[in-house]
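A note on names: the letters A, B, ... follow the listed sequences, proteins ahead of strands, and every chain is numbered from 1.
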Number of protein chains: 2
Amino acid sequence: MKMRAFMSQAKPAQARKTRIQAQNEGLILDAALEVFSAYGYRGSTVDQIAAKCGLSKPNLLYYFRRKEDIYTAVLERTLTGWLEPLRALDPDGDPVAELTGYITAKMELSRDNPEASRLFANEILHGAPMIGKFLKGPLKDLVDAKAAIVRAWIAQGRLASVDPYHLIFAIWATTQHYADFEVQVRAILGDKSDPTVVGVKTLITLIMDGLRPR
Amino acid sequence: MKMRAFMSQAKPAQARKTRIQAQNEGLILDAALEVFSAYGYRGSTVDQIAAKCGLSKPNLLYYFRRKEDIYTAVLERTLTGWLEPLRALDPDGDPVAELTGYITAKMELSRDNPEASRLFANEILHGAPMIGKFLKGPLKDLVDAKAAIVRAWIAQGRLASVDPYHLIFAIWATTQHYADFEVQVRAILGDKSDPTVVGVKTLITLIMDGLRPR
DNA sequence: TCCGCTCTTGACCATTTGATCAAGAATTAT
DNA sequence: ATAATTCTTGATCAAATGGTCAAGAGCGGA
């Protein structure tokens, strides 16, 4: 699995997208997200994806010439929305409210897009062969910026003194846990109600006020 | 990938293990942990594992007849130690000290055995096809027991009121994050010093006292 | 030492799977 | 309508890969 530029444009020639093209590419990427997130890159087959979206394999490969191209396209499409909640963190807002909002938004994102979460988890778990540059570039830049905001809040005495980077890691880890480790959560809790409603409440209590009785 | 009994004994006949047998099985399982944790089940090949431990493929398959057998054997061997820290949670200890100790122990485990952590992460991420019964059985039982302890502490007013299950999830998620998402952590922090030393400190502050200034 | 059991391997097989291609069907533009 | 372009697919290929087998090498107990 090679690491090309960073994100490849699917069709260099012919920028204009025909109706059928747009529709089928959409179908393919939807199916690919399901399949890749469930079985991983190597565990997924082009046939599986083709079957899931009702296209023949050669037809699918007409739109994306290589399996890898499908994978990077899904990653790219999903990546876009993933950072929105963190981007929304407002330096002018109330620190506790901002972080509570961030946790809530991240939790909702995990609940509503578990496949996307698992897709990233799998990619990173295996060394981020495709999005390594994204992590060191755009992601790091955004996190640096938001960490600075948190650091400023701490300096103003509006938050307890913690390392902003590890705070962000903790929020990522805890919220994505409900998507990435869903089967484990359900195995322990039983498959009754949605775990994320108690989860987000617990998390906010934990991160804002901690366990030690006041 | 089928879900047999639960964990198969590699060699039903001939209980006695010869010297060479014990040594080679050890080599194989060590290599298999490295390979499976790096590439996942489907992403790993028997040849890779054989190469890593210096055995020929047929020779490796002499000890474990199927790829799946290697995988379950590695899982089984690793599973054993994984629950130790949680098991050690002592109902008679001081709640804050006990949980701080648990977090510390779990973080050390993740730091010292990142491959094991990633192996589990991958298995669960893909629906726990092999250890599903383990999750619903032994793991759930242990967590139930420890959750009851936490609940009792809360009832005694020695801890803030949070859902014990989600507290445990939060500890799992945050500590394992440093192993499972290591490349992301390093991409953002830079590959300088060990992230877990600041990580565990931040985590304990967070979970014990929270962000809100006192 | 010698016999039986364990261990090792080169050669080989069947299946899966990513990818190609030529030819035909459908769509679009003129 | 008709020509050009886009779309679709059955057939096929080559490589990768899990697994087998028979034959030989090595080891350990009597």
Side-chain angles (χ1 to χ4, degrees), chain A residues 1-2 4 8 10-29 31-32 34-36 38-75 126 129-130, chain B residues 1-2 4 8-29 31-32 35-36 38-75 126 129-130:
Chain A
M1 202 188 282
K2 212 176 1 187
R4 7 196 34 218
S8 56
K11 296 246 157 189
Q14 188 206 335
R16 190 110 193 127
K17 268 204 179 68
T18 178
R19 193 174 45 84
I20 300 180
Q21 213 169 94
Q23 175 185 316
N24 280 348
E25 283 181 6
L27 285 178
I28 292 169
L29 293 184
E34 280 189 59
V35 174
F36 281 134
Y39 306 103
Y41 179 77
R42 287 266 287 182
S44 306
T45 71
V46 178
D47 293 271
Q48 268 179 307
I49 300 172
K52 174 138 328 211
C53 62
L55 297 181
S56 68
K57 180 163 66 168
N59 198 12
L60 190 158
L61 288 170
Y62 168 78
Y63 293 101
F64 298 88
R65 296 177 82 146
R66 300 178 308 159
K67 180 187 181 184
E68 196 184 299
D69 292 342
I70 314 174
Y71 185 69
T72 56
V74 181
L75 272 178
H126 295 115
M130 293 298 183
Chain B
M1 207 189 282
K2 210 175 7 183
R4 12 200 27 220
S8 56
Q9 224 52 280
K11 295 246 157 188
Q14 188 208 336
R16 189 104 193 133
K17 267 201 179 74
T18 179
R19 193 173 45 84
I20 299 181
Q21 212 169 95
Q23 175 185 317
N24 280 349
E25 282 181 6
L27 285 177
I28 293 169
L29 293 184
V35 174
F36 281 134
Y39 306 103
Y41 179 77
R42 288 266 286 181
S44 306
T45 72
V46 178
D47 294 272
Q48 267 179 308
I49 301 173
K52 174 136 335 210
C53 61
L55 297 180
S56 68
K57 179 164 67 167
N59 198 13
L60 190 158
L61 289 169
Y62 167 78
Y63 292 101
F64 297 89
R65 295 174 84 141
R66 302 179 307 161
K67 179 187 180 183
E68 197 184 299
D69 292 341
I70 315 176
Y71 185 68
T72 57
V74 181
L75 272 178
H126 296 105
M130 294 297 182

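In this structure, A:Leu60 atom CG and C:dT20 atom P are separated by 13 Å, rounded to whole Å. Protein atom CD of A:Gln48 is 13 Å distant from nucleotide atom P of C:dT16, rounded to whole Å. Rounded to whole Å, the distance from CD on A:Glu25 to C1' on D:dC7 is 13 Å.
For the pair B:Lys67 and B:Tyr41, the distance from NZ or CZ to the six-membered ring centre is under 6.0 Å and the angle to the ring normal is within 45 degrees.
When the side-chain nitrogen and oxygen atoms of B:Asn24 are compared with OP1 and OP2 of C:dT8, one or more of them lie within a distance under 4.0 Å. Side-chain N/O atoms of A:Gln21 include none lying less than 4.0 angstrom from OP1 or OP2 on D:dT6. Phosphate contact (OP1/OP2 of D:dC7, side-chain N/O of A:Asn59, threshold under 4.0 Å): absent. The shortest distance between the side-chain N/O atoms of A:Tyr62 and the OP1/OP2 oxygens of D:dT8 is not below 4.0 Å.
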> What string of B, S and - do you get for nucleotides 15-30 of chain D, 5' to 3', when a contact is any protein heavy atom under 4.0 Å?
Replying inline: --SBBBB------S--
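You'll find the side chain of A:Met130 reaches within 4.5 Å of the side chain of A:Tyr71, heavy atoms only. A:Phe36 places a side-chain heavy atom less than 4.5 Å from the side chain of A:Ile49.
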With a cut-off of 3.5 Å and sequence neighbours excluded, list every side-chain donor-acceptor pair involving residues 50-60 of chain A.
unit_1: A:Lys52; atom_1: NZ; unit_2: A:Glu34; atom_2: OE1; d: 3.4
unit_1: A:Ser56; atom_1: OG; unit_2: A:Asn59; atom_2: N; d: 3.3
unit_1: A:Lys57; atom_1: NZ; unit_2: A:Asp47; atom_2: OD2; d: 3.3

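Annotation: the span from B:Leu61 atom CG to B:Ile70 atom CD1 amounts to 6.0 Å, rounded to 0.5 Å. Annotation: the span from A:Ile28 atom CD1 to A:Tyr62 atom OH amounts to 11.0 Å, rounded to 0.5 Å.
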